[in-house]
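Each chain gets a letter, A, B and so on, in the order its sequence line appears, and its residues count up from 1. Predicted model, so just to flag it, every value in this text is computed and none were measured.
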Amino acid sequence: MTDPLHYAAGQRIGVLTTEPVGLLDYLAPEGGVALGQLVVVPLGPRRVMGCVWGPGAGDFDAARLRPVGRLIDAEPLAPSMIEFLNRTAEYTLTPLPHLLRMATRAPGLADPPAARRVVHRTGDPPQRMTDARARILDTLDEHGGGPLEPGELARLAGVGSSVVKGLIAAGTLTETEAARDAPFPRLDPGRPGKPLSPDQRAAADSLAAAQRKGGFSATLLRGVTGSGKTEAYLEAVAECLRHGRQALVMLPEIALSAEFLDRVEARFGARPGEWHSGVTGAERRRLWHMAGRHGVDLVVGARSALFLPFRDLGLIVVDEEHDSAYKQEDGVWYSARDMAVLRASIEGAQVVLASATPSLESWVNAQTGKYERLDLPSRHGTAELPEMAAIDLRTEEMRPGTWISPTLARAVEARLARGEQSLLFLNRRGYAPVTVCRACGAQVGCDDCDARMVEHRVLNRLVCHQCGATKPIPTVCPACGVEGKMAPVGPGVERLAEEVAARFPNARAAILSSDLFSSARALKEAIAGISAGEADIIIGTQMVAKGHNFPNLTLVGVIDADLGLQGADLRAAERSFQLMQQVAGRAGRAGDRGEALLQTHQPDHPVIRAILSGDEEAFWDAEAAARSQAGMPPFGRLVGIILSHPDLGAVTDFARHLAGRAAPLAEIGAELWGPAPAPITRIRGRHRVRMLIRAPRQAPVQDAVRRWLSGVKLPTNMRLAVDIDPQSFL
DNA sequence: AGCACGCCGACT
DNA sequence: GTCGGCGTGCTC
């Protein structure tokens, strides 16, 4: 009998270690070993973790092979998981061991099997029955007679642990050993969900039908906050659970997960597994094991949850799929959204990308028919966006040093008179984005990277928004030495708040800017206060675009809609379009669409016009036109090469060196693109530079990059990472 | 001569 | 990733 997934004792097998050495041949241990089995293998004088990855390569002297050490007490990785890791490594040009490391990152994974003590009911009620003892027995009955951990049982019953001990002594309860990690409670898809509107019902049915059909499918689910997106995809989850498969819902930030877990519990009667950096080690280990044993039905998690070793994954939901948090830009560079599609296709699963403001890539994939597209009309039938209009700053009378136009000021006055709230949106933290010397014109830059420093009056310091460095606000010009000529130029939210206070002296203003809150709780309280009507005018950065709704907000004023329309960032216009839609969507309440006013110097700019109409197709056309004007082919791919080194000179020198040997790129019609070398940032003591390559869409980019980089030797201490598709590039 | 340091290759 | 070997260059 030959089982291709099992290797007999003494057979030569390939083991992938978590060390950079990669695949090495070993001898299968006594009793044989399964494909995907996690093992400990000897490597030089050390023992390291590895995974049985297939038959051995056979190119190593058989006499020198060493046998596998011990097997790790964990379910073997499924063949589909192995394929997923292989393909992800190939796609992102990441060494395979890094991916295995990422996929096995759960504390205590390699620990020998450990047990925990549990009690369950075995004997008759005790002779002496007491209140506390009765409560223990009742609680145990409620949980199906056990088994439960003694401490947990005492806690649930609200009595001391000595009561449990007494019942064990009396023979009513028996203590036994159980596996350390317990399965998660089952979710019940049969419970009734929230009543759905006809639109939501249609979307839910369509998703459930795709799930029922089985196999790979990809759907872009569009709908604004409150449109019932979540309810719709929870029906796909329900369908998935009915088929006995596992589901994964990814969320961009941990902060969103608590509320989501409650909704899942309300829908399915139990809490799902939770996976993100805030989860304790023991829970992570439990979830990791349970994913592999089908001991968990649904996992809610951050991007890294995609690398859990699911046994039978039937559905992946990527909520807020446009969110940049799905991109990991450290260690392994990957986009969890793209890799979710890859994993779903390997697992024969359904993938649902949900967003009110889809990323350009997903939008294009839906347009070209690669993804299905489902549109959920807005909250309860009202218009999706408020009434949108531009304020043409060229025709407004603006006093120097002010940023609120007379037209916008009148609109705010009208809201104040009616007791309604206004939001003034300015995506700039701090007091002033630039500090300039009036004598010589020099701008104060960061000493560690090439960004300009932003004045923060609250801190009374200059702050670099790129690397986080700070320094005192200079009184003497660092360039020309003239004293007393340094001046803040341009507005940030702190400065805008000054103008609001001067202009609307009787209004209560609140600033929402991420740097002004020390904790998530302080922020939550501030938002609750504003919702309760404690502010008339909200001054906010992009953090107002997310989540929270202000029920009495009827006006959104965008201070500078032109911000982010130009510049070297390819993604600026797209982000701006999404941001404007999200921010404008804050306005309006029951029976009142609200109004959004965009201050701009270029009301005829195609992107501004697309924002005003809320029309994604118009935006897409504008974007394609802008890109072709910038000399880019309409369809292509972008690859980022990221170099980092503690020494700034070393990075720029090496970037130049690489640029000089880029012949393999030319062979596939690709080229280095943009201002090379690109801006330098400093992150954790290393200078980082990014080189961009653009390539025709169908070109074998990975091969070319591999050939390009294989010939170069990395200087000591130089780190290199490759970021495939770093930004959309139509 | 003796030692600290950094570079480089091996590790199956 | 980590270890050991080896060459360089400094100090006693």
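The closest side-chain donor-acceptor pair between A:Trp333 and A:Thr92, if any, does not fall under 3.5 angstrom.
Salt-bridge check for A:Arg293 with A:Asp181: failed, with every basic side-chain N at 4.0 Å or more from each acidic carboxylate O.
Atom CE in A:Met718 sits about 13 Å away from atom P in B:dC7, given to the nearest Å. Separating the CG atom of A:Leu16 from the P atom of B:dT12 is a distance of 16 Å, rounded to the nearest angstrom. Rounded to an integer number of Å, the gap from CZ of A:Arg47 to P of B:dT12 is 12 Å. The separation between A:Leu24 atom CG and B:dA10 atom C1' is 10 Å, rounded to whole Å. Between the C1' atom of B:dG9 and the CD atom of A:Glu19 lies a distance of 16 Å, rounded to the nearest Å. Rounded to an integer number of Å, the gap from A:Leu96 CG to B:dT12 C1' is 16 Å. Taking atom CG of A:Asp61 as the reference point, atom P of B:dC11 lies 11 Å away to the nearest angstrom. Separating the CZ atom of A:Arg105 from the P atom of C:dG1 is a distance of 11 Å, rounded to the nearest angstrom.
Of the side-chain N and O atoms in A:Arg66, one or more sit less than 4.0 angstrom from OP1 or OP2 of B:dT12. Between A:Arg101 and the phosphate of C:dG1, there is no side-chain N or O to OP1/OP2 separation shorter than 4.0 Å.
Listed candidates were C:dC3, B:dT12, C:dG1. Nearest to the side chain of A:Pro45 is C:dC3. The side chain of A:Lys713 sits closest to B:dC8 out of B:dC8, B:dT12, B:dC11. When the nucleotides B:dT12, B:dC8, C:dC3 are ranked by their closest atom to the side chain of A:Tyr26, B:dT12 comes out on top.
For the pair A:Arg661 and A:Trp708, the cation does not sit on the ring face, since its NZ or CZ is not both under 6.0 Å from the ring centre and inside 45° of the axis.
Centroid-to-centroid, the aromatic rings of A:Phe310 and A:Phe84 stay 6.0 Å apart or farther.
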